[in-house]
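No experiment lies behind these values; they were computed from the predicted model shown. So that the names make sense, note that chain A is the first sequence line, chain B the second, and so on, each numbered from 1.
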Amino acid sequence: MKCRRCAEPAVVDVRRHRAAFCPDCFVHHCREQVRRTVDRHDMIAPGESALVAVSGGKDSLMVWDVLLDLGYAAEGVYLGLGIGGYSDASRRKAEAYAARRGARLHVVDLPTEVGFDIPTAAAAVRRAPCGACGLSKRHLLNRAAREVGADVLVTGHNLDDEAAVLFGNVLTWQVDYLSRQRPVLPATDGFVRRVKPLIRLAERETAAYCVLRRIDYILDECPMAAGNRHLRYKDALNELEEHSPGAKAAFYLQFLDRMLPLLDGVADDERAMVARCARCGSPSTSEVCAFCRLQERAAALGTSAR
Amino acid sequence: MQVRLHNPTRTVEMAGPLPVHRLLVELGLRREAVLVVRGDSLVTADTVLADDDPVEILPVISGGAR
C-alpha cells in the first residue's frame, strides 16, 4: 500500500477511511483528527489550561502528546489505584513520558489520599471492580482539576470506548446515560468541563501513533478488567467492523449528530436534580454522593478485616 | 517465522511467506484489535511476511473503567 498523502510506502492502513499512511503522514492525520475535534466541539479555548488524566496507557499518553504539540498548556494527573504491580508499572510509564516532554505530572495516590485502593473498593461493593474504579476516577479527577485550577479536564476516551459504551447503553435503553454521553460535558457548579478529543480515532490508531512516536505505554491489560462487559462489546463491534469497515464510526458519530440533540431535555432535567454532597460538597443527586458512600464501605471492610 | 504475541506473552511458529491479513486469520485475530510489527516497523495488511521475519503482534484493545 502507498501513503494517501505522499505516495511513499505505507505502514498503517485505516480501513474505514479506505486509506493508508506513511509514518509522518499518519502522525499528521492523528493530529488533524484531534485538532478538528477540539475545534468543532469548542473543547479548549485559547489560553485555557488543560489537565490530562494520564493512566500510562496509549490513549492518555497520545492525547497529552498531541495537545502539547498543538501548543496547549497541558499538565497531567496520574491516579495511583493500588492495583499491585500493574499500577506501579503504569505510573512509571506516565512519569517517564512527563520527564521526556518536560511536562508536569500530578500524582494522586488513592490509599494515601482517600484511604482505600481499588481491590478493596471492589470487595466492599461486591461488584465488578470497574464500577468502583470508574466512580473513583470521575470523583478524584474532577477534584484534582479543581485543586490545580485547570479550566478543562481531558480524558483519552477513543472511538472504540465511546462506541462500546453507546452499545451497552442502547442494549438496555439507558436514556439518562445516553443523554450524558457527550464529547464535552460542560462545566457546572462543582464540575470542571470534561472533554474527549480522541473520539474520532480508533484504538488501533492511538496505539499506532504511540508506536510511531516511540511513546512507551503500558501494554498489559488491567488485571481487574479481564472479561468485563465493555471488552465483550468491543469485540462484538470489531466483528461488525471486520465485515463493514466504518460501522463503529457510523454508529457513534451518527448518534452524536442525530440522536443526542433529541436528548437535550433529558440532560437538562438531570442537571436540575444535582445538589451538593452533605459530606464532601461535590455535586450529587443524593444527600451523600456515591464516592463518599464507597469510601465509607471500603473503610468498614478495612476495619472488619483487621 | 517466529510470531510474538501478548496478553499472555507467547511465541508461535508460522510458515512464510504469508500476507499479514492471512496471518491474522490463521491466528484467529481481528484486524481492528491488533497492530503487526516486523522488526521495528509497523506493516499494513497486504505486506507479505517472509519465513525469517521477526514478527510481533501488539494488542490494542483496552478495557475497564475509562
Item to check | Selection from B:T9, B:L42, B:V36 maximising heavy-atom pairs under 4.5 Å formed with chain A | outcome: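 Top option by heavy-atom pairs under 4.5 Å: B:L42.
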
Regarding [X] and [Y], is there a side-chain donor-to-acceptor distance under 3.5 Å anywhere?
X	Y	answer
A:D59	A:Y217	no
A:S60	A:Y78	no
A:N158	A:K196	no
A:E221	B:H6	no

Name the option with the most non-hydrogen atom pairs under 4.5 Å to chain B; the candidates are [options].
options	result
A:E241, A:R229, A:R204	A:R204
A:T155, A:V165, A:I118, A:L219	A:L219
A:A20, A:A53, A:A208	A:A208

Checklist entry - Out of A:S90, A:P129, A:C133, which residue meets the side chain to side chain contact (heavy atoms under 4.5 Å, CB included) rule with A:L81? => result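 Exactly one pass, corresponding to A:C133.
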
Checklist entry - Hey, which of A:R15, A:K58, A:R16 is the one that makes salt bridge (Lys or Arg N to Asp or Glu O under 4.0 Å) with A:E205? => result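 Exactly one option meets the salt bridge (Lys or Arg N to Asp or Glu O under 4.0 Å) with A:E205, and it is A:R16.
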
Check whether [X] gets within reach of chain A through its side chain, its backbone, both or neither, counting any heavy atom under 4.5 Å.
X	answer
B:N7	side chain
B:V37	neither
B:T44	both

[X] versus chain B, the contacting section by heavy-atom distance below 4.5 Å:
X	answer
A:R214	side chain
A:A10	both
A:V12	both

Next on the checklist: So does B:M1 get a backbone contact from the side chain of B:E13, meaning a donor-acceptor N/O pair under 3.5 Å?
Outcome noted: yes

